[in-house]
Amino acid sequence: MMRKNLLIPILILLVYNTTLMANPIQSLCSPNNMIELVINQEPKHITAIIKYKDKTVIPEIRLGLQEQNQTFHDNIKCLGFSKKAVIHEHYTAIHGKRSFCSNTGNTFTMHLENSQKKKLNIEFRVYNDGICFRYVLSDSQTDSLRFINEFTTYRIHREADHWMQKYVPHYEGDFPHEKGNISQGKWGYPALVHYNNCWALLTEANNNRNYCATHLTNVNHDELYEVTYPHKEEGNGIGSTSPTALSPWTSPWRVIILGELKNIVESTLVEDVSDPCLLSETDWIQPGSASWIYWAYNHGTKDYKTCCEYVDLAATMHWKYVLFDWEWDQMQNGGTLSDAARYATSKGIKPLIWYNSGGKHNRVLSTPRDRLITTENRNREFKKLKEMGFSGIKVDFFESDKQHMINYYLDILEDAAKHKLMVNFHGCTLPRGWSRTYPHLMSMEAVYGAEQYNNSSYMTTAAARLNSTYPFTRNIVGPMDYTPVAFTNSQHPHHTSNAHELALSVIFESGIQHWADRPEGFYQLSDEAKSFMSTVPVAWDDTRFIEGYPGKYIVLARRKGTTWYLAGINGADSHGKLCISLDFLQDTDYQMVLFSDGKENSQIRSQHKQVNRTDSIEIEWKAEGGFVACLKCDPN
């Protein structure tokens with residue numbers, strides 16, 4: 001009995017001594033003082049703590065970097081800090097959550113020195129919606145740099161709620177909810193956690209040619225999530241896992257979006273800290289809706305007449321685009337790709353076209369391959385596409401996050417811009433802010449989306465939960481080509497209600513929305529629902545989080561001009577009721593058309609009502625159901 005009692009003072013002493021070892025040397029708060037970053041000098045390391053409303057959210061961030069000639073980790077000391085400053089940025093976005101983006105933060109730079117007297121700077125920014133930091137080597141003794149390791153590590157309490165996807169280079173995974181018994185492994189961004197009444201979303205931004213993309217691993221300790229480089233075997237083993245660069249050098253931003261769920265969902269922080277637009281002309285970049293053959297007919301683009309049916313669908317629905325997906329080079333049954341492109345343009349529809357990224361990094365044999373690998377090939381192909389009337393490309397199967405693949409993405413974007421071609425990346429890495437720098441990057445896949453109904457029955461059972469998770473995770477960090485809205489069935493049926501599917505048109509954000517269903521799926525809609533699908537925007541002037549919880553449900557409001565769209569989906573397998581305030585509206589009357597669940601999953605109920613910002617609407621939705629409303633200013 002006495003031995004047990006002796007443990008108490010020993011434990012108290014250990015905690016006390018550990019606290020003494022950490023010496024706070026500087027702190028930085030957000031403009032609204034809700035978020036605080038505290039820098040600690042420990043005996044051998046520099047660490048940081050993140051607090052929200054005075055409560056610790058991330059108790060430790062270990063900092064450091066290893067270059068082949070210099071290591072900044074053990075025995076590192078702080079030489080001091082720059083003066084604190086305010087950084088304020090605003091810019092216009094062509095597509096995304098809002099058209100006018102603005103963010104204000106406080107910043108300083110920490111100056112470090114290792115035992116060999118070599119210098120490293122770390123730049124920190126604290127915004128009202130998160131914290132960012134990046135490494136800077138400005139006075140390296142060598143012009144050529146080769147990085148061996150990054151020591152950035154986030155300590156996340158095992159009792160925090162976790163939503164993380166296992167890392168694969170195409171980022172098409174589930175986000176299971178874990179707490180307490182935390183899995184160990186390798187995890188892709190973004191990683192969502194909830195602890196001490198604060199939400200945090202971990203990711204990275206502004207990846208450029210100087211570095212690889214990274215992900216997280218907690219293999220060594222379940223609470224320690226280390227930033228790590230791509231796997232050696234990625235991309236058929238082609239390319240080095242060790243990034244190289246020239247001095248001076250700056251890393252991508254390490255980004256932690258913080259606060260209430262509202263802060264997470266509405267944040268544009270990934271784009272805010274990325275490089276401004278590099279294009280001098282952008283009027284050719286036009287967000288819009290597209291008909292899409294693949295979901296209903298895997299091999300549909302082989303068939304000229306099927307392609308024409310999807311052109312006709314786009315024309316009937318007043319959509320801008322049609323996508324000719326894989327196997328267009330094998331088109332038959334009455335016409336060729338040139339014929340299909342001419343038919344589309346004759347109907348006022350702009351065609352888009354699929355490519356295999358090709359190259360030695362790629363194991364997929366689908367043709368055409370290797371037409372985009374070199375600058376010469378790309379420009380020759382892009383010139384031909386423009387002459388045929390194409391407006392954009394979809395490039396698939398990259399299979400690697402190594403530095404040379406980051407360069408390939410940027411090469412494609414830069415050459416496509418010269419020919420005024422919009423870009424959609426598939427089988428690809430996660431968005432990392434490139435849509436601000438290259439706004440003709442309309443969308444990226446990096447999601448377990450609707451095409452999975454073709455591949456396995458898992459999507460049938462998991463879709464409602466996943467759909468209710470992505471607005472809190474994947475779609476936060478950039479446009480998401482999930483390919484939503486399916487009223488009929490693919491190889492594996494959907495359990496979600498048709499109102500749920502209709503609501504996805506507003507819930508998910510993408511600069512080009514490829515609507516999944518076959519022509520008859522849209523033609524059989526009521527006139528009101530058909531009109532809604534003909535006019536629903538894909539680029540927004542504002543986005544508001546109304547309520548929800550990851551994996552359970554979400555309600556969002558988005559605005560285009562003076563018109564608001566309110567949408568919600570139920571991720572649960574039980575019915576429910578909601579009472580939603582319309583206080584996000586302006587102080588005027590609106591004519592509302594509300595689409596909600598009918599008696600059967602296949603039925604969509606429509607209602608008309610005049611409302612204003614003092615009103616609330618009551619929604620009763622089915623298991624895996626949903627609703628969407630269009631609210632237009634009353635002209636009277």
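The analysis underlying the following values was restricted to heavy atoms, covering all of them including side chains, and did not include hydrogens, waters or symmetry mates.
Figure legend: cation-pi geometry between Arg559 and Tyr565 absent, as NZ or CZ is not positioned both under 6.0 Å from the six-membered ring centre and within 45° of its axis. In this structure, Arg518 forms a cation-pi arrangement with Tyr297, its terminal cationic atom sitting closer than 6.0 Å to the ring centre and no more than 45° off the ring axis.
For the residue pair Ile373 and Ser357, the shortest heavy atom distance occurs at CD1-O, 3.3 Å. Scanning both residues, Arg98 and Asp542, for their nearest heavy atoms gives NE-OD1, 3.6 Å. Shortest non-hydrogen contact noted between Ser289 and Val538 is OG-CG1, 3.8 Å. Summarising the geometry of His95 relative to Ser435, their closest heavy-atom pair is CE1-OG, 4.0 Å, with the distance given to 0.1 Å. Scanning both residues, Asn467 and His500, for their nearest heavy atoms gives ND2-NE2, 3.1 Å. Closest approach of Ala290 to Ile512, counting heavy atoms only: CB-CG2, 4.1 Å.
The environment of NZ in Lys166 is sparse: at most 12 heavy-atom neighbours from other residues, nucleotides or ligands sit within 6.0 Å. Within 6.0 Å of atom NZ in Lys232, 12 or fewer heavy atoms from other residues, nucleotides or ligands are found, so the atom counts as exposed in its surroundings.
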### Query
Is there a side chain to side chain contact (heavy atoms under 4.5 Å, CB included) between Phe398 and Val395 once you walk through the steps?
CA-CA 8 Å; Phe398 289 87; Val395 190; 3.5 Å; yes
### Query
Can Glu381 and Arg378 be said to form a salt bridge (Lys or Arg N to Asp or Glu O under 4.0 Å), step by step?
CA-CA 5 Å; Glu381 196 73 9; Arg378 279 193 299 274; over 6 Å; no
### Message
Applying salt bridge (Lys or Arg N to Asp or Glu O under 4.0 Å) to Glu376 and Arg380, what does each step give before you reach the verdict?
### Response
CA-CA 6 Å; Glu376 294 74 18; Arg380 181 168 55 248; over 6 Å; no
### Chi angles and distances behind the side chain to side chain contact (heavy atoms under 4.5 Å, CB included) call for Ser468, Asn570
CA-CA 7 Å; Ser468 302; Asn570 183 6; over 6 Å; no
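Between the side chains of Glu399 and His361, not a single donor N or O lies within less than 3.5 Å of an accepting N or O. Between the side chains of Tyr294 and Thr483, no donor-acceptor pair of N or O atoms lies under 3.5 Å. For the residue pair Asp275/Asn206, the side-chain donor-acceptor check at 3.5 Å is satisfied. A donor and an acceptor atom, one from each side chain of Thr543 and Arg558, are located under 3.5 Å apart. Using modelled atom types, one finds a donor on one side chain and an acceptor on the other under 3.5 Å when comparing Lys350 with Gln286.
Sorted by first and then second residue, the salt bridge (charged side-chain N to carboxylate O under 4.0 Å, His left out) pairs with a member in residues 477-501 form an empty list; sequence neighbours excluded. For residues 463-472, the salt bridge (charged side-chain N to carboxylate O under 4.0 Å, His left out) pairs, not counting sequence neighbours, are Asp174-Arg465.
When ring centroids are compared, Trp515 and Phe487 stay outside the 6.0 Å threshold. If you look at Trp434 and Tyr409, their ring centroids are closer than 6.0 Å. For His215 and Tyr167, the ring centers sit closer than 6.0 Å to each other.
Between Arg209 and Glu414 there is a salt bridge, with a side-chain nitrogen of the basic residue lying less than 4.0 Å from a carboxylate oxygen of the acidic one. The pair Arg544-Glu266 fails the salt-bridge criterion, with no side-chain N (NZ, NE, NH1 or NH2) lying under 4.0 Å from an Asp/Glu carboxylate O.
Side-chain atoms of Met442 and Pro479, non-hydrogen and from C-beta on, never get closer than 4.5 Å to each other.
At distances below 3.5 Å, at least one donor-acceptor pair connects side-chain atoms of Asn208 with backbone N or O atoms of Asn210. Looking at Asn356, its side chain does come within 3.5 Å of a backbone N or O of Ser366 through a donor-acceptor pair.
Taking the six-membered ring where tryptophan is involved, the planes of Tyr470 and Phe508 are tilted, since the angle between them lies from 30° to 60°.
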